[in-house]
Amino acid sequence: MKSTSLVSISDLTHEEILYLLKCAGYFEQHPNHKILDGRVVATLFFEPSTRTRLSFETAVNRLGGRVIGFSDAASTSTSKGETLKDTIKMVSNYVDLIIMRHHLEGAARYASEVTDIPIINAGDGANQHPSQTMLDLYSIYKTQGRLDNLDITLVGDLKYGRTVHSLLMAMPRFKPRFKFVACDELRMPAEYRDYCDKMGIEFSESTVFSPEVINNSDIIYMTRVQRERFTDFSEYEKVKNLYTLHNSMLDNSRPNLKILHPLPRVNEIDRDVDDNPKAYYFEQARNGLFARQAIICRALGIDPLSLHD
Ligand code: CP
């Protein structure tokens with residue numbers, strides 16, 4: 001295997017997605033396989049994160065590698081005016097892999113073009129979050145026993161929510177039926193609707209999170225309204241609480257329904273849903289560790305399954 005970046009979910013072939021899911025399953029059984037001995041990984045987080053950074057760092061630690069990095073760019077020479085290009089070139093002198101989150105769309109792609117070491121995109125603005133998609137797919141597979149022919153409902157901020165953009169772009173070969181539930185201001189952007197049309201992905205749109213939508217879903221994927229992407233705060237105030245899932249709304253839902261959310265949540269899922277067996281968002285976040293172990297190995301050109309066999 002050769003080392004390679006993961007900037008967009010579309011960097012992965014369908015076969016690579018299936019392979020990574022198999023690796024994630026392996027790491028769930030063997031989370032402490034020490035195959036990164038001697039490797040150093042940088043986590044450069046120019047934007048806040050809890051799950052993504054900590055699960056990537058846990059993944060490296062459990063695989064026997066070492067981590068350097070920062071979670072607050074204000075503590076780095078970025079605050080003195082150092083450019084992203086120079087930062088990436090400097091860090092590339094020290095490590096074997098860079099995992100990066102940045103507020104600018106395209107920042108991870110740019111970083112991958114100015115260094116020879118692999119870059120993993122841990123989220124770039126409203127654009128892409130491919131490692132989240134791999135853990136989402138792993139969660140869907142674990143809970144549904146398959147990835148194909150599912151009714152998947154995406155709810156909330158479909159404009160700025162990078163996780164739904166990545167998820168949608170991973171799905172063409174799995175033939176999903178998507179429902180997009182969002183207000184007009186946060187509607188799924190045209191480029192992603194066009195993508196669905198081009199790839200033959202079935203979708204419908206609604207501004208109403210109705211019982212009919214809920215009761216005909218295998219997966220409901222709730223999202224937070226991305227306050228940090230709004231330039232006009234009064235616009236955020238208008239749309240921030242439009243869609244909230246309450247436990248009583250699940251009374252007639254399908255037995256196999258699972259509720260996903262990339263987290264953090266604010267008001268999109270009432271706390272009374274947490275004890276419902278259909279709530280899966282905390283387990284989903286746990287799955288991030290295994291999916292990210294698989295992604296790190298791919299980035300470094302390591303095949304954990306062949307090492308194991
Ligand atoms: N889902 C996700 O990206 O969470 P964090 O922002 O906490 O990393």
Side-chain angles (χ1 to χ4, degrees), residues 6-9 20 24 41-62 67 69-74 97-108 111 119-140 142-143 152 154-170 186 219-230 236 240 243 245 258-269 273-274 279-296 299:
L6 178 58
V7 172
S8 163
I9 197 69
L20 286 175
V41 175
T43 54
L44 311 186
F45 277 66
F46 294 86
E47 265 199 339
S49 167
T50 296
R51 278 145 293 275
T52 308
R53 185 175 67 83
L54 294 181
S55 61
F56 265 124
E57 293 186 356
T58 305
V60 175
N61 285 321
R62 286 194 177 277
V67 180
F70 56 80
S71 57
D72 180 6
L97 167 66
I98 292 175
I99 299 166
M100 184 180 110
R101 171 171 288 189
H102 201 280
H103 55 278
L104 288 179
E105 296 180 23
I119 300 284
I120 295 176
N121 180 7
D124 61 327
N127 187 32
Q128 285 273 318
H129 196 346
S131 68
Q132 178 72 43
T133 298
M134 288 311 307
L135 77 91
D136 291 343
L137 292 177
Y138 186 56
S139 299
I140 294 170
K142 273 177 71 178
T143 60
I152 301 177
L154 308 178
V155 184
D157 186 348
L158 307 188
K159 178 178 180 184
Y160 297 119
R162 57 194 173 199
T163 66
V164 291
H165 301 159
S166 288
L167 181 61
L168 188 152
M169 292 182 74
L186 299 178
I219 295 290
I220 296 178
Y221 193 104
M222 302 297 295
T223 63
R224 175 179 67 90
V225 177
Q226 307 277 298
R227 183 182 58 185
E228 62 275 30
R229 310 276 174 237
F230 284 74
Y236 168 73
K240 68 178 186 182
Y243 302 105
L245 182 65
K258 291 295 178 207
I259 313 299
L260 302 187
H261 191 311
L263 304 177
R265 71 171 151 183
V266 184
N267 293 320
E268 315 78 60
I269 302 179
V273 180
D274 292 358
Y280 193 73
Y281 27 93
F282 296 122
E283 290 95 330
Q284 178 188 0
R286 178 175 180 270
N287 290 334
L289 171 60
F290 316 122
R292 289 180 170 122
Q293 287 180 309
I295 289 167
I296 289 166

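Just so it is clear, the structure is predicted and the values come from calculations on it, not from any experiment. Position 1 is the first residue of the sequence, and the numbers go up from there. All values below were derived from every heavy atom in this structure, side-chain atoms included, with hydrogens, water molecules and symmetry-related copies excluded. Atoms within a ligand are numbered from 1 in the order they appear, just like the ligands themselves.
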(request) Write down the atom of T223, the atom of T163, and the distance for their closest heavy-atom approach. (result)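 Smallest interatomic distance, heavy atoms only, reads CG2-OG1, 4.5 Å.
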
(message) For the backbone of Q226 and the side chain of D157, can you confirm whether one donor and one acceptor N or O come within less than 3.5 Å of each other?
(response)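 Looks like yes, one N/O pair under 3.5 Å.
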
(request) Ignoring hydrogens, just give me the one of S131, A122, P262 whose non-hydrogen atom is nearest atom 1 (N) of ligand 1. (result)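 Shortest heavy-atom distance from atom 1 (N) of ligand 1: P262.
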
(message) Quick one, T52 and I99 - any side-chain contact, counting heavy atoms below 4.5 Å?
(response)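 Of all side-chain heavy-atom pairs linking I99 with T52, none is under 4.5 Å.
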
(message) Are the side chains of L97 and I120 in contact, using a 4.5 Å heavy-atom criterion?
(response)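 Yes, at least one pair of side-chain atoms sits under 4.5 Å.
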
(request) Among all protein heavy atoms, pick out the one at the shortest distance from atom 6 (O) of ligand 1; state its residue, atom name and that distance to 0.1 Å. (result)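 Here the nearest protein heavy atom works out to R101 NH1, 2.9 Å.
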
(request) Determine whether any heavy atom of E47 lies closer than 4.0 Å to an atom of ligand 1. (result)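 The answer is no, since E47 has no heavy atom less than 4.0 Å from ligand 1.
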
(message) So if I count the atoms of ligand 1 from 1 in the order they appear, which ones are less than 4.0 Å from some heavy atom of T52?
(response)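 Near T52, meaning under 4.0 Å from one of its heavy atoms, ligand 1 has 2 (C), 3 (O), 4 (O), 5 (P), 8 (O).
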
(request) Go through ligand 1 atom by atom and flag the ones less than 4.0 Å from a non-hydrogen atom of T50. (result)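 The list of qualifying atoms is 5 (P), 7 (O), 8 (O).
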
(message) List the residues meeting ring pair (Phe, Tyr, Trp, His ring centres under 6.0 Å) with H165, not counting sequence neighbours, and say none if there are none.
(response)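 Expected list: Y192.
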
(request) Under 4.0 Å, heavy atoms only, figure out whether ligand 1 is touched by the backbone of L263, its side chain, both or neither. (result)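 Backbone only; the side chain of L263 stays clear of ligand 1.
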
